[in-house]
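The structure appears right after this line, and notes come after that.
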Amino acid sequence: MNLAKVIVDVPTMQTNDPYTYLIPDELSDKIQNGMRVIVPFGAGGRKIQGIVADIDHNGDFDGELKEIDGLLDLDSALNDELLSMSKWMAKKTYSFQISCILTMLPSVMRAKYEKELIINDKQDVDDEVLSLFDGANSIDFKVEDIDSTILRKIIQYRKEDKLTVRYKVNDKAKAKKVYAVKPIINSNQAQDELDKLRKNSKNLAKLLDYIINNNEVTITQRKLVNDFNIPESTIKSGIEKGWLTRFWQEEYRNPYEQEVKPNYPLKLNGDQQKAVDSISEATNNEQSDVFLLEGVTGSGKTEVYLQAIQKALENGKTALMLVPEISLTPQMVKRVKGRFGNKVAMLHSGLSSGEKYDEWRRINNGEADVVVGVRSAIFAPLNNIGIIIMDEEHEASYKQDDAPRYHTRDVAKWRCDYHNCPLVLGSATPSLESRARATKGVYKLLSLPKRINNQSLPEVRIIDMKEEIKTTGDEDFSQELLAAINNRLQKNEQIVLMLNRRGYSSFVMCRSCGFVLHCPNCDISLTLHMDSRTMKCHYCGHEEPIPNKCKNCGSKKIRYYGTGTQKVQEKLQNLVPNARILRMDVDTTRRKGAHEKILQKFGNHDADILLGTQMIAKGLDFPNVTLVGVLNADTSLDLPDFRSSERTFNLLTQVSGRAGRADKEGLVYIQTFNPDHYAIRLAQKQDYELFYRKEMSVRHQTNYPPYFFTVKITASDVNEAKAAAKMFEIQKILKAKLSDQALMLGPSPSSILKLKNKYYYQIIIKYKNEPNLSECLNYILNHYQKDAQKGLYVNIDPDPLNFM
DNA sequence: AGCACGCCGACT
DNA sequence: GTCGGCGTGCTC
């Protein structure tokens, strides 16, 4: 029998293994592994999308088989590498293979399902049902949109064959099509036509002239109109006269409007050269080594990446480079594009889904040798990879927060092993896990200790805000920082200020009864936003009007506590009335391209002060910035997460690096209520190595990564007691199946107990070596799958980044 | 996910 | 008796 194994688009544990289908004769020569197909699945003629995992033209199957309905692709959507990776990834992340496959593909390749209801004979159905159709013979419908008594009738009619339900699998993956034209007469014929033409037919003459000179070429109609100044109406008459044919042609959408200036390799210093040599040697020898490139801000990591990529390309290989959030680093994008030109494909969140699909197809068709992108770009269908680079490898955005919960670093390592090529992890402040592996010799450490041009690091001063409050009562701006701001404004130099909290005030409290306004859906206080004049929840997006009296006691003594970027902007504008202030946070950058606009404006010196949340800390490089102020360094320090020190150190180090990159000396102020905390003290000295050692000893004492591995198990339900009870059940299973060396935290409510109207309870397992662990977790998944139908979800997050 | 089947309480 | 509620199990 001619059989295909198909992974069906039904994300459950029971359907995680492939199903076998018959291949109909007419598809036999076209079907390939990794193609998307439409298959019937279950009763009632339901149709769904699937992926071909295996083909056996001479197979056997014990039992009934259905036939594949049709193909959704002309070519494989997934090559063998990605197909086998999806299997590994499903296991590793405790998720379904189909979910892994669909995250690897551009979102438009995830089919939409629709149901169509068709009347067989209008005489058969009653008026109530007939009225749904509004005169037509068929309608698209969703079960949840239809009233239950009518639905019951529909089900009855369907049983009696009076109505038919047709399932549709709608592929959204559509290439953009444009009109193209091609001459169908030769140059001589065109010359004859030109001779016959009336003298005043200027446009037709132009068209014939074009045909004489471009006889064999296909050209888009748009180009013919724009570049040759021939109107569309003329092209149409040319077609009617039989000179040209017109047809639809696929075209890639072009997301890069502006031209990028080419740039050329820079001269490397000794450390950079050594790094490039070591990496290229691994590429040449096809060794899947992992390099940790540790270099302070401004040490020229990017140039190392680019030259290592160059070497891979010279070897006939391709390269993959990952960055945290590309829209934040337009400077980086320009540099890569400028170096490698149109061999580069970009995959980032600023592209529309159509543009992403086109970039994906360019890569899949082998038209791009270098791919630059964010997390999901790790799945780019490149062949023959010679190097994978992860810039700022410590960034949390490399880990996907929802299923499949993969870490880009793990996927990258898998691909490097597959392609026998090196993985380069670059950072000024590597994650402790990576740095520890480098110490153990699992990764090879390459360091760039010197800043290019021997620029000195900026001076960092810590300001104790406890003292400041005692003397001035101001908790936002210390005297010293304010003086420095004024000084820079006078010298016409620029300033970057970071406050890691958006909105106006973080909460409102009634001074009579102490009541704090909370989100009705989440266990979190609402933040005041002055621009929209609303109270907003930063987790679920809930908004409500600003209260003028307390909802609890009716008192009008309401006060706003805590400071956000909006309030600081207002306050700062009062303190320095002539300064031009730009604010950059989630609220001002929501629109597409808003990031770039703000950064460009600041880069052109159309503003003096850039005030923003942590998004300003990353990758931007403005030579005229000589002062950086961190208004409150404690926001990230106070979080209930063992990584809060590491995050704070990273953030402070990164934002400090924004000061004084050119010939001008930089100065950094860190305002804090914890001036003696080691994360802040060591960020002041920009001493990563010492921080690494100090933090490692803390992790050692508290049994946290990198000394222990962790897994987070979460249960969520609209009913708090059910979620909690489930976690206690799971705790019992874990205790029975794991060794007594595994440490368990919980069950406990998650630090945001209630989120979007669901309650969350969690257990964290810390372990060193638990051979039974994955079997045990799979048992839990299988055991609790039926609960998911009732809305009780159990989630497993291996190596979670977020402990809250 | 979405469907069918089967078991139970409430109703003509 | 039967209708329709929901819980459970299966889909090549």
Side-chain angles (χ1 to χ4, degrees), chain A residues 1-24 27-28 31 33 35-72 87 90 95-103 110-117 140-161 163-171 402-404 717-719 722 725-726 781-795:
Chain A
M1 283 188 288
N2 203 359
L3 302 179
K5 289 214 162 114
V6 175
I7 299 153
V8 293
D9 180 16
V10 183
T12 64
M13 221 59 217
Q14 304 103 302
T15 51
N16 205 19
D17 286 324
Y19 282 72
T20 310
Y21 284 88
L22 281 168
I23 303 170
L27 299 182
S28 187
I31 196 164
N33 268 352
M35 264 186 184
R36 294 179 304 146
V37 291
I38 299 171
V39 290
F41 193 75
R46 191 178 159 213
K47 301 270 165 65
I48 57 171
Q49 182 184 20
I51 296 273
V52 180
D54 191 29
I55 293 169
D56 188 352
H57 290 296
N58 221 334
D60 270 320
F61 188 79
D62 193 16
E64 289 283 297
L65 282 174
K66 288 183 179 169
E67 267 191 358
I68 290 176
D69 219 60
L71 307 178
L72 282 168
K87 222 171 170 174
S95 57
F96 314 112
Q97 197 182 351
I98 189 66
S99 310
C100 294
I101 286 170
L102 292 176
T103 42
R110 181 189 293 245
K112 273 264 177 289
Y113 300 114
E114 274 172 18
K115 284 195 273 281
E116 194 182 18
L117 198 58
D140 287 342
F141 84 107
K142 286 180 194 150
V143 173
E144 60 267 28
D145 292 347
I146 292 175
D147 182 84
S148 69
T149 52
I150 298 181
L151 194 63
R152 200 161 300 137
K153 283 187 194 170
I154 290 173
I155 292 166
Q156 186 57 34
Y157 283 140
R158 195 181 161 199
K159 270 190 186 145
E160 295 165 10
D161 248 352
L163 288 173
T164 308
V165 177
R166 186 155 71 206
Y167 292 85
K168 294 192 285 192
V169 177
N170 278 348
D171 189 9
D402 37 47
D717 195 281
V718 288
N719 180 327
K722 278 188 184 168
K726 188 57 63 181
L781 280 183
N782 283 314
H783 203 251
Y784 291 118
Q785 59 188 11
K786 59 178 183 300
D787 293 326
Q789 288 169 355
K790 290 180 261 170
L792 203 176
Y793 291 96
V794 175
N795 281 315

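Each chain gets a letter, A, B and so on, in the order its sequence line appears, and its residues count up from 1. The figures that follow rest on heavy atoms only: side chains count, while hydrogens, waters and symmetry mates do not.
- A:Tyr157 contributes no side-chain N or O that, together with a main-chain N or O of A:Thr164, makes up a donor-acceptor pair within less than 3.5 Å.
- Nearest heavy-atom pair, A:Tyr21 versus A:Val8, reported as atom, atom and distance to 0.1 Å: OH-CG1, 4.2 Å.
- Within the 4.0 angstrom heavy-atom criterion, no nucleotide atom of any strand lies near A:Pro18.
- What separates CD1 of A:Ile55 from C1' of C:dC12 is a distance of 16 Å, to the nearest Å.
- The pair A:Lys168-A:Asp140 meets the salt-bridge criterion, with a side-chain N (NZ, NE, NH1 or NH2) lying under 4.0 Å from an Asp/Glu carboxylate O.
- Protein atom CG of A:Leu151 is 11 Å distant from nucleotide atom P of C:dG5, rounded to whole Å.
- Distance A:Ile7 CD1 to C:dC12 P: 16 Å, rounded to the nearest Å.
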Extract all donor-acceptor atom pairs below 3.5 Å that involve side chains of residues 35-48 of chain A and protein atoms in other chains or at least two apart in sequence.
unit_1  : atom_1 : unit_2   : atom_2 : d
A:Arg36 : NE     : A:Asp73  : OD1    : 3.3
A:Arg36 : NE     : A:Asp73  : OD2    : 3.0
A:Arg36 : NH1    : A:Met109 : O      : 2.8
A:Arg36 : NH1    : A:Asp171 : OD1    : 3.1
A:Arg36 : NH2    : A:Asp73  : OD1    : 3.0
A:Arg36 : NH2    : A:Asp171 : OD1    : 3.4
A:Arg36 : NH2    : A:Asp171 : OD2    : 3.0

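- We find that NZ of A:Lys66 is positioned 4 Å from P of C:dC12, with the value rounded to whole Å.
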Nucleotide N/O to protein N/O under 3.5 Å, stretch nucleotides 2-4 of chain C:
none

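- With hydrogens and angles disregarded, a donor-acceptor distance shorter than 3.5 Å links the side chain of A:Asn16 to the backbone of A:Gln97.
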_Contact state string [nucleotides 1-12 of chain B, B base, S sugar-phosphate only, - no protein heavy atom under 4.0 Å]_ = BBSS--------
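- Using a distance-only test at 3.5 Å, with no hydrogens or angles considered, no donor-acceptor pair links the side chain of A:Glu67 to the main chain of A:Pro24.
- Protein atom CG of A:Leu22 is 9 Å distant from nucleotide atom C1' of C:dC12, rounded to whole Å.
- For A:Met13 and C:dC10, the CE to C1' distance is 16 Å, given to the nearest whole Å.
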*Step-by-step salt bridge (charged side-chain N to carboxylate O under 4.0 Å, His left out) determination, A:Arg110 to A:Asp9*: CA-CA 9 Å; A:Arg110 181 189 293 245; A:Asp9 180 16; 6.0 Å; no
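- In this structure, A:Asp69 atom CG and C:dC12 atom C1' are separated by 14 Å, rounded to whole Å.
- Side chain of A:Thr15 to backbone of A:Pro11: no donor-acceptor contact under 3.5 angstrom is found.
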*From CA spacing to verdict: side chain to side chain contact (heavy atoms under 4.5 Å, CB included), A:Tyr784, A:Lys726*: CA-CA 9 Å; A:Tyr784 291 118; A:Lys726 188 57 63 181; 3.2 Å; yes
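- We find that CD1 of A:Ile48 is positioned 10 Å from C1' of C:dC12, with the value rounded to whole Å.
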